2 protein chains.
Amino acid sequence: MFRMSATTYQQAQREGQDVVRAAILDAATHLLITEGPASLTVRRISAEVGCSTKVIYTLFGGKDGLSEALWLEGFARFERRLLAAPPGPDAMTHLRAGIDAYRSYALDQPDYYRVMFQGGVPGFTPSPAARQEAKRSFDLLVAGVRRCLAHGLLHGGSDAEIADVLWMAMHGAVSLELAGFFDRAEGEQRYRLLCASVLSPFLTGDVPDARCS
Amino acid sequence: MFRMSATTYQQAQREGQDVVRAAILDAATHLLITEGPASLTVRRISAEVGCSTKVIYTLFGGKDGLSEALWLEGFARFERRLLAAPPGPDAMTHLRAGIDAYRSYALDQPDYYRVMFQGGVPGFTPSPAARQEAKRSFDLLVAGVRRCLAHGLLHGGSDAEIADVLWMAMHGAVSLELAGFFDRAEGEQRYRLLCASVLSPFLTGDVPDARCS
DNA sequence: AAGAGTGGGTAACAGTGTTACCGGACAGAA
DNA sequence: TTCTGTCCGGTAACACTGTTACCCACTCTT
């Protein structure tokens with residue numbers, strides 16, 4: 001049954017659709033990076049690709065669908081960027097490289113970062129499924145922390161706990177810097193100080209009580 | 001010359017304008033809190049107040065002007081909220097109360113917090129002047145840190161440095177929680193752990209090197 | 001080759017920020 | 001008092017936005 005339904009035509013069409021889908025996502029990405037989120041209109045993107053607006057609705061189901069695809073694309077790029085961080089001689093150096101890569105990505109692609117973490121596309125909020133999918137790219141950070149725990153370089157907390165607070169710290173610093181509250185030099189100095197401060201209790205294992213003491 | 005220009009009529013008119021201005025801001029605030037940022041349209045706000053859209057343009061110079069006024073209003077409310085934090089027996093308790101008040105405000109008024117820190121109003125970015133004005137409300141935190149430094153409860157950093165990293169940490173945690181990456185219980189636990197971790201190096205004075213060691 | 005079904009272009013809808021136009025209300029002058 | 005000028009504000013339009021009903025052409029089936 002299903003063998004027959006997979007005719008060459010349908011395959012070609014499906015392949016064609018995927019190609020068109022990728023082209024639209026590429027165009028949207030290009031627009032976002034070069035002209036900012038304000039240029040992300042259905043008409044503008046379809047004009048860039050050379051199709052009508054209808055195609056975006058059939059392929060993505062509307063602007064929200066396209067926004068969600070773009071959102072996930074941002075996390076995929078983020079993941080590739082974090083994976084490219086040099087492992088270094090030990091687990092802690094690797095983790096620090098990842099921490100540097102985090103800020104580096106946010107500053108290189110500020111609009112993408114805003115889309116991912118600050119609702120950069122006006123009316124869009126990701127679906128719970130997409131959010132869970134996105135949080136998966138955060139597993140890289142958890143793995144980095146876990147390696148440090150395994151090698152005895154960190155103590156006093158679970159991998160998820162430490163990774164969470166580290167993520168919160170990185171995001172907070174980068175987010176305020178992108179919002180214009182700190183200039184580049186200030187941002188970098190504060191970013192390093194913050195990340196070091198957050199990690200320092202887990203270096204000695206002398207972790208403070210969670211009741212904010 | 002200038003004495004004459006300040007006629008009673010102009011004064012009355014200006015007073016009237018201030019009243020209308022406040023009414024518009026109130027209506028916008030009410031809409032933001034009760035129906036979210038999507039309801040913040042010029043037509044909707046003017047309908048709520050009972051005037052035409054033109055008034056908003058003469059009084060605020062456009063939606064950006066109104067957004068900026070709303071933005072600053074958010075910081076004013078934030079400041080009042082932080083000022084209401086109980087001083088407690090010592091400077092450190094006071095600072096912790098402020099830390100609690102920060103998250104409490106963000107969770108009570110998530111849309112306002114998004115407007116202030118996450119570009120909640122679509123096309124709007126605050127002017128540098130407004131941003132500086134807003135950062136002034138952050139002086140409360142600096143003052144709280146300074147009191148702790150003066151009483152020898154914190155060491156190893158300047159008031160601005162410690163306040164900055166604390167702000168980054170609080171904002172990062174709250175921001176990710178508002179974005180839906182953590183639920184309420186998780187958010188609270190991580191928030192406390194993060195703030196405690198950030199402060200802990202400055203409790204002992206054993207501050208890590210800023211080169212992220 | 002005729003029929004059926006689907007994808008995509010056109011053009012319209014409602015709603016957005018913004019502004020040109022014009023009317024009317026108020027001030028001061030004759 | 002009446003006339004004139006100035007300025008505030010309502011109406012209605014403009015150029016946008018996301019979205020969709022309609023229709024055509026093109027494909028596969030029979």
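Throughout, protein chains are lettered first and strands after them, A, B, ... in sequence-line order, and every chain is numbered starting at 1. Just so it is clear, the structure is predicted and the values come from calculations on it, not from any experiment.
- Using a 4.0 Å cut-off between a side-chain N of Lys or Arg and a carboxylate O of Asp or Glu, B/Arg192 and B/Glu188 qualify as a salt bridge.
- Between A/Tyr112 and A/Phe75, the distance from one ring center to the other does not fall under 6.0 angstrom.
- Protein atom CD1 of A/Ile45 is 11 Å distant from nucleotide atom P of D/dT17, rounded to whole Å.
- If you measure from atom CD1 of A/Ile56 to atom C1' of C/dG9, you get 13 Å, rounded to the nearest angstrom.
- In the displayed structure, B/Glu35 atom CD is contacted under 6.0 Å by more than 12 heavy atoms of other residues, nucleotides or ligands.
- Projected onto DNA chain C by closest heavy-atom contact, A/Val55 and A/Arg43 fall at different nucleotides, the more 5' of which corresponds to A/Val55.
- Residues B/Asp111 and B/Arg114 are paired through a salt bridge, judged by an N-O separation under 4.0 Å between the basic side chain and the carboxylate.
- Contacts between residues 58-72 of chain B and DNA chain C, defined by a heavy-atom separation under 4.0 Å, are made by B/Gly62, B/Lys63.
- Taking atom CZ of B/Arg44 as the reference point, atom P of C/dG17 lies 12 Å away to the nearest angstrom.
- Within residues 21-41 of chain B, the residues that have a heavy atom under 4.0 Å from DNA chain C are, in order of number, B/Leu40, B/Thr41.
- The nearest whole Å value for the distance from the CG atom in A/Asp18 to the P atom in C/dG7 is 14 Å.
- At whole-Å resolution of the value, OH in A/Tyr57 and C1' in D/dT19 are 5 Å apart.
- With rounding to the nearest 0.5 Å, the separation of CZ in A/Arg80 from CG in A/Leu82 is 11.5 Å.
- Counting heavy atoms of neighbouring residues, nucleotides and ligands inside a 6.0 Å radius, atom CD of A/Glu186 exceeds 12 of them.
- The side-chain tip of A/Arg103 points at the ring of A/Tyr191 from less than 6.0 angstrom away and within 45° of straight on.
- Closest contact between the side chain of A/Ser52 and the listed nucleotides C/dC13, D/dG10, C/dT10 involves C/dT10.
- Every residue two or more places apart in sequence or in another chain that forms a side chain to side chain donor-acceptor pair (under 3.5 Å) with B/Tyr102 is listed here: B/Tyr113, B/Trp167.
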